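The sequence lines fix the lettering, A, B, ..., with proteins before strands; numbering per chain opens at 1. Everything numeric in this text was worked out from a predicted model, so none of it was measured.
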Protein chains: 2
Amino acid sequence: MFMTALRELELRHLVTLDAVATEGTFGRAAERLGYTQSAISQQIAALERLVGEKVFDRPGGPRPVELTPFGDVVLRHGRELLSRADSMHDELDRFRNGGVGRLTVGTFQSVSSAVLPSLVRSMRARHPDLEIRGRESPDDHELNRLLAAGEVDVSFIGGAPASGFECRHLLDDPFVLLAQPGRFPDGPVSVSDLVGEPMIGQPPHSCQLLNEGSLRAAGCDPTYVFRSEDNGTVAAMVRSGMGVAILPFLCLEIEDPRLAFHRLEPVLPPREITIAWRAGRTLSPAAEEFIELASDVCSGLAATMSAFT
Amino acid sequence: MFMTALRELELRHLVTLDAVATEGTFGRAAERLGYTQSAISQQIAALERLVGEKVFDRPGGPRPVELTPFGDVVLRHGRELLSRADSMHDELDRFRNGGVGRLTVGTFQSVSSAVLPSLVRSMRARHPDLEIRGRESPDDHELNRLLAAGEVDVSFIGGAPASGFECRHLLDDPFVLLAQPGRFPDGPVSVSDLVGEPMIGQPPHSCQLLNEGSLRAAGCDPTYVFRSEDNGTVAAMVRSGMGVAILPFLCLEIEDPRLAFHRLEPVLPPREITIAWRAGRTLSPAAEEFIELASDVCSGLAATMSAFT
DNA sequence: TCATGAACATCAGATAGTCTGATGTTCATG
DNA sequence: CATGAACATCAGACTATCTGATGTTCATGA
């Protein structure tokens with residue numbers, strides 16, 4: 001709760017006080033500030049009315065004015081206020097550029113490992129003073145909640161966002177089959193060949209639901225013998241021969257020789273990776289730029305991916 | 001030199017921003033601040049014009065407004081500005097009371113030893129946060145110069161101050177004769193008895209000139225065989241029998257049994273101790289109070305002195 | 001002693017900003 | 001679809017501030 005006594009104080013008054021104290025006379029201060037002497041006289045009078053005491057002694061005649069001890073106190077505080085206002089102005093400018101502030105991003109595992117590293121590196125390189133934070137959750141609903149609550153400014157989402165959000169499509173992430181090498185011949189595997197195959201998957205949320213739905217639609221009602229949140233665990237289970245897995249491409253460690261991956265036929269509808277924000281809310285320039293950069297990085301990623309699949 | 005861009009910013013705008021951000025709606029902010037909703041709307045619009053961006057997202061309909069990221073930056077800085085303005089207000093109040101600030105006092109040796117200790121103790125007791133400084137000089141001209149230059153706020157002066165100053169009389173400090181015990185019979189000594197007597201004195205400035213002039217006027221043209229700035233040295237020379245000295249009473253260490261002091265007849269015009277400040281200059285409340293206290297302390301001292309002489 | 005000029009104060013009028021009160025627009029809710 | 005909450009806008013009154021002209025004070029120098 002802020003006081004009421006100086007509510008009518010304007011920065012202009014303090015700028016004038018400073019100018020007069022620096023220049024020594026009302027006239028020169030007027031010249032410096034582009035006012036007339038009369039205006040300065042009236043402004044100082046207004047300031048004195050506001051603070052309740054004379055801030056200058058006017059010796060009269062052709063002698064310059066001089067700060068009173070009281071005026072000196074006002075001036076010292078006034079200069080602090082002005083320099084705070086200046087730094088506010090500077091920071092607003094930098095903020096308009098995306099250069100300062102805090103950007104909190106919602107994300108989930110595969111984006112965190114495949115997209116964020118280079119994206120954050122680019123943002124940091126452009127704006128070293130921007131504070132970038134992340135909140136990771138495997139669950140789209142949770143990410144939507146964080147976004148709605150304003151706990152994150154933007155969030156990657158593995159699918160279409162809930163209503164009340166706007167989003168931008170970044171990437172189609174195809175589902176691929178993960179199996180032991182030799183379990184299937186090289187090349188695409190038909191969904192019908194998976195009927196009855198024990199499967200490893202993630203807990204039933206977000207893209208896992210999408211993928212199970214697609215499989216059923218394609219005529220394969222999968223049986224899950226193991227579910228884990230952790231993609232590494234899923235891969236390990238597949239390596240051990242416990243079953244096969246269908247995962248979005250971005251979840252894979254494609255260099256692992258102990259695993260083979262196959263395209264599926266028919267192709268399942270891919271997981272769509274988007275970045276979302278609250279509808280109607282003004283985004284910070286940093287967030288706007290982040291979205292642009294994310295789009296660029298994902299385009300690059302899409303090109304790399306199409307070389308693999 | 002302060003920037004120009006936010007010169008039209010008023011603290012009122014920031015108070016309003018804070019109120020709306022806290023209350024959540026323009027209407028409640030209006031109620032809190034005693035305005036109408038329309039006024040709040042216009043003030044926020046003015047603020048947005050000044051900073052160049054929207055500070056609130058207005059979702060429309062019956063939903064409350066919400067800060068934009070930009071508005072959040074403005075608010076954070078604005079609150080700092082407001083709290084600075086508050087602390088300025090507080091300090092001005094304390095200053096009006098004499099409680100803060102710096103008070104620099106010009107002084108000379110006998111005042112420093114006889115008057116200042118208890119005076120400074122009283123001021124400190126009343127105003128623990130007031131910073132009290134002193135500048136000592138044996139020469140009234142130097143003290144006047146310090147005063148004129150504003151290097152001291154008030155100054156004790158051993159006589160009438162130069163023109164351009166106002167002063168307050170504090171004390172009449174009588175000149176007394178200092179001699180070896182037995183050199184003169186107890187009681188008053190006639191000035192005529194000092195003719196031809198070798199004398200010890202101070203260098204020819206300030207009260208020393210006053211005292212020599214008075215002696216000559218009383219028919220005694222003194223011969224100085226030793227001059228020292230330091231009253232201790234003068235006393236030592238008298239003790240050693242080199243001569244006698246005429247000094248203001250306040251310069252004496254009256255407990256020294258190796259020295260006798262005598263009133264003079266006729267009584268020489270006393271040294272007048274005053275406290276001076278620049279004419280026409282507003283004094284700080286602390287300085288005003290210091291002058292009052294000095295006056296009190298010196299009244300007490302005058303009573304003590306009259307018991308001795 | 002007096003004219004001069006520097007420096008601040010004051011006044012009147014024009015202008016611009018801000019407040020109030022009434023009215024308009026938007027939109028979630030039932 | 002009517003209601004009501006919430007912000008925007010508008011007109012009019014009022015106030016503050018600026019300009020330009022004029023007044024007052026006072027150190028200086030002829």
Side-chain angles (χ1 to χ4, degrees), chain A residues 4 6-17 19-50 54-68 71 148 162-164 278-282, chain B residues 4 6-17 19-50 54-68 71 148 162-164 278-282:
Chain A
T4 159
L6 291 179
R7 221 190 263 178
E8 294 175 31
L9 186 63
E10 305 183 18
L11 294 187
R12 180 181 358 170
H13 294 136
L14 300 176
V15 171
T16 301
L17 174 65
V20 175
T22 306
E23 296 289 338
T25 76
F26 286 20
R28 279 200 299 281
E31 194 175 349
R32 186 211 282 193
L33 299 177
Y35 290 132
T36 60
Q37 173 260 314
S38 170
I40 300 299
S41 195
Q42 291 175 67
Q43 280 214 12
I44 295 297
L47 178 60
E48 289 174 334
R49 184 177 52 73
L50 285 170
K54 292 255 170 268
V55 296
F56 286 111
D57 279 315
R58 288 88 154 163
R63 286 166 300 179
V65 296
E66 218 172 344
L67 276 176
T68 61
S163 84
R278 275 189 285 178
R281 287 271 296 167
T282 305
Chain B
T4 158
L6 292 180
R7 222 192 262 178
E8 294 176 32
L9 186 62
E10 305 183 18
L11 294 187
R12 182 180 357 173
H13 295 136
L14 300 176
V15 171
T16 301
L17 173 64
V20 175
T22 306
E23 295 290 338
T25 76
F26 286 20
R28 277 199 300 279
E31 194 175 349
R32 187 212 283 193
L33 299 178
Y35 291 132
T36 59
Q37 173 261 315
S38 170
I40 301 298
S41 194
Q42 292 175 67
Q43 280 213 13
I44 295 296
L47 178 60
E48 289 174 333
R49 183 177 53 73
L50 285 170
K54 291 254 171 269
V55 296
F56 287 110
D57 279 316
R58 287 86 156 166
R63 285 167 301 179
V65 296
E66 217 172 345
L67 275 176
T68 61
S163 82
R278 277 190 284 178
R281 286 272 296 168
T282 303

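With a 4.5 Å cut-off on side-chain heavy atoms, B:V55 and B:H13 do not count as touching. Between A:R32 and A:T22 there is a side-chain heavy-atom pair separated by less than 4.5 Å.
Partner of A:Q43 under the side chain to side chain contact (heavy atoms under 4.5 Å, CB included) criterion, out of A:V20, A:T16, A:L17: A:T16 alone.
Residue contacts shown for B:S41 include a base, since a base heavy atom lies under 4.0 Å away.
Listed by chain and residue number, nothing satisfies the salt bridge (Lys or Arg N to Asp or Glu O under 4.0 Å) test with B:R63 (two or more places apart in sequence, or in another chain).
When all heavy atoms of B:G24 and B:P64 are compared, the pair lying nearest together is O-CB, 3.3 Å.
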Which letters describe nucleotides 11-18 of chain C, given B = protein heavy atom under 4.0 Å from base, S = only from sugar-phosphate, - = neither? B------S
Bracket notation of DNA chain C in which parentheses pair within the strand, [ ] cross earlier pairs, and | pairs with another strand (Watson-Crick or G-U, under 3.5 Å): ||||||||||||||||||||||||||||||
Which is it for A:L67 and A:F56 under the side-chain contact (heavy atoms from CB on, under 4.5 Å) test, yes or no, and what are the steps along the way? CA-CA 4 Å; A:L67 276 176; A:F56 286 111; 3.6 Å; yes
After noting the C-alpha distance and the side-chain angles of B:L11 and A:R7, does the key distance pass the side-chain contact (heavy atoms from CB on, under 4.5 Å) rule? CA-CA 6 Å; B:L11 294 187; A:R7 221 190 263 178; 5.6 Å; no
Derivation of the side-chain contact (heavy atoms from CB on, under 4.5 Å) call for A:T68 and A:E48: CA-CA 11 Å; A:T68 61; A:E48 289 174 334; over 6 Å; no
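Mapping A:P62 and A:T36 onto DNA chain D by nearest heavy atom places A:T36 at the nucleotide closer to the 5' end.
One interatomic measurement links the two molecules: CD1 of B:I44 to P of D:dA8, which rounds to 9 Å at whole-angstrom precision. For A:F26 and D:dT24, the CZ to C1' distance is 15 Å, given to the nearest whole Å. If you measure from atom CD1 of A:I40 to atom C1' of C:dT10, you get 16 Å, rounded to the nearest angstrom. C:dA7 atom P lies 12 Å from atom CD of A:E23, rounded to whole Å. The distance from atom CD of B:E66 to atom P of D:dC7 is 12 Å, rounded to the nearest whole Å. At whole-Å resolution of the value, CZ in B:R58 and C1' in C:dT25 are 14 Å apart.
Few gaps surround CD on A:E23; more than 12 heavy atoms of other groups in view lie less than 6.0 Å from it.
Remark: the B:Q37 side chain and the D:dA8 base include a donor-acceptor N/O pair separated by less than 3.5 Å.
Residue B:R63 has no polar side-chain atom (N or O) positioned under 4.0 Å from OP1 or OP2 of C:dC27.
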